[in-house]
Amino acid sequence: MNHRQRLRLQFYRRDALEVARDLLGRVLCRRVGPGRVLRGRIVEVEAYDGPADRASHAHRGRTPRNAPMFAAGGLAYVYRIYGVHHCLNAVTGDPSYPAAVLLRATEPPAAELSASGPGRLCRAFDVDRRLDGASLCGRTLWIEQGTPVPDREVRRTERIGVSYAGAWAAKRYRFIVRGHPAVSGPRRLR
DNA sequence: GGTGCGATTGCA
DNA sequence: GCAATCGCACCA
């Protein structure tokens, strides 16, 4: 069962854009009880790449909230947004360079609940601040190899909800499985 | 200690 | 179109 093999730490300790592209088709896994694991195939992600990226939480330096982004790749970075939802990121790269990949959607048939959009994804997988800083190679949260997505099915677009970020808002740091029904955001960006 | 707001979502 | 709702960044 090769596709069930867990991604290793080394997978995350690369450039955020590479990791983002490579996370498509992988399977997010969350243990929610004895013998009970939720799984969902990742179909939409966004990279937040380094201190210069104005859309990134790391842009204004290290703070208590974004501390996991300044760790070595392979951790979860979970934060609360709008006081209502949570967002789950995979921390990437080297400790000297804060970067992460936001997980925005998984394929519904593989997950127990619909998981289109970063907040809904966290709700579906029972992800909250308890998992902030947790390992992505641990017992309750991990990502499996799954089936990589070929280049012809990958589309790159600008990121969602970062219009304040100046020139960085236009950068095509979002990666999706082209036309997949579970992808979130406006129609023109599917 | 006070203030402003966001890597979103659901409902009017 | 906009309210919900709160942690946190920033300023004093």
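Each chain gets a letter, A, B and so on, in the order the sequences are listed, and its residues count up from 1.
A salt bridge is absent between Arg26(A) and Glu107(A); no separation between the charged side-chain nitrogens and carboxylate oxygens falls under 4.0 Å. With salt bridges taken as basic N to acidic carboxylate O contacts below 4.0 Å, none links Glu158(A) and Arg174(A). A salt bridge between Asp94(A) and Arg13(A) is absent, with no side-chain N of the basic residue lying under 4.0 Å from a carboxylate O of the acidic one. Classification of Arg31(A) and Asp126(A) as a salt-bridged pair fails, no side-chain N sitting under 4.0 Å from a carboxylate O.
For the pair Leu189(A) CG and dA7(B) C1', the interatomic distance rounds to 14 Å; values are reported in whole Å. Rounded to an integer number of Å, the gap from CG of Leu121(A) to C1' of dA7(B) is 13 Å. Atom C1' of nucleotide dA9(C) and atom CZ of Arg62(A) are separated by 16 Å, given to the nearest angstrom. Rounded to an integer number of Å, the gap from Arg60(A) CZ to dG7(C) P is 19 Å. Separating the NE2 atom of His59(A) from the C1' atom of dC10(C) is a distance of 15 Å, rounded to the nearest angstrom. Atom NE2 in His85(A) sits about 4 Å away from atom C1' in dT8(B), given to the nearest Å. At whole-Å resolution of the value, NE2 in His57(A) and C1' in dG7(C) are 11 Å apart. Between the CG atom of Asn89(A) and the P atom of dT8(B) there is a distance of 11 Å, given to the nearest Å.
For dC10(C), the OP1/OP2 oxygens have no side-chain nitrogen or oxygen of Arg65(A) closer than 4.0 Å. Within the structure, every side-chain polar atom (N or O) of Arg80(A) is placed at least 4.0 Å from both OP1 and OP2 of dC5(B). For Thr63(A) and dC8(C), the shortest distance from a side-chain N or O to OP1 or OP2 is not below 4.0 Å. Distances shown here put a side-chain N or O of Tyr164(A) below 4.0 Å from the OP1 or OP2 atom of dA7(B). Note on Arg174(A): every side-chain N or O is 4.0 Å or more away from OP1 and OP2 of dA7(B).
As judged by a 4.0 angstrom heavy-atom cut-off over every strand, Val84(A) is placed among the base-contacting residues.
Expressed to the nearest 0.5 Å, how far CZ of Arg21(A) lies from CZ of Arg14(A) amounts to 10.5 Å. With values rounded to the nearest 0.5 angstrom, Gln145(A) atom CD is found 10.0 Å from His3(A) atom NE2.
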### Query
Pairs counted as Watson-Crick or G-U wobble with both distances under 3.5 Å: what dot-bracket string results for DNA chain B, using | for bases tied to another strand?
||||||.||||.
### Task
Begin with the C-alpha distance, continue with both residues' side-chain angles, and end with the deciding distance and a verdict on side chain to side chain contact (heavy atoms under 4.5 Å, CB included) for Tyr79(A) and His57(A).
CA-CA 10 Å; Tyr79(A) 62 91; His57(A) 290 169; 3.4 Å; yes
### Task
Begin from the C-alpha positions of Leu7(A) and Tyr12(A) and carry the test side chain to side chain contact (heavy atoms under 4.5 Å, CB included) through to its verdict.
CA-CA 8 Å; Leu7(A) 300 179; Tyr12(A) 304 97; 3.9 Å; yes
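Checked against dG10(B), dT8(B), dA9(C), the side chain of Ile81(A) finds its nearest nucleotide in dT8(B). Proximity note for Tyr79(A) (side chain, C-beta onward) versus dT9(B), dG10(B), dA7(B): the nearest is dA7(B). The listed nucleotides are dG6(B), dG7(C), dA7(B); the one nearest the side chain of Arg129(A) is dG7(C).
Going from the C1' atom of dC5(B) to that of dC2(C) covers 15 Å, rounded to whole Å.
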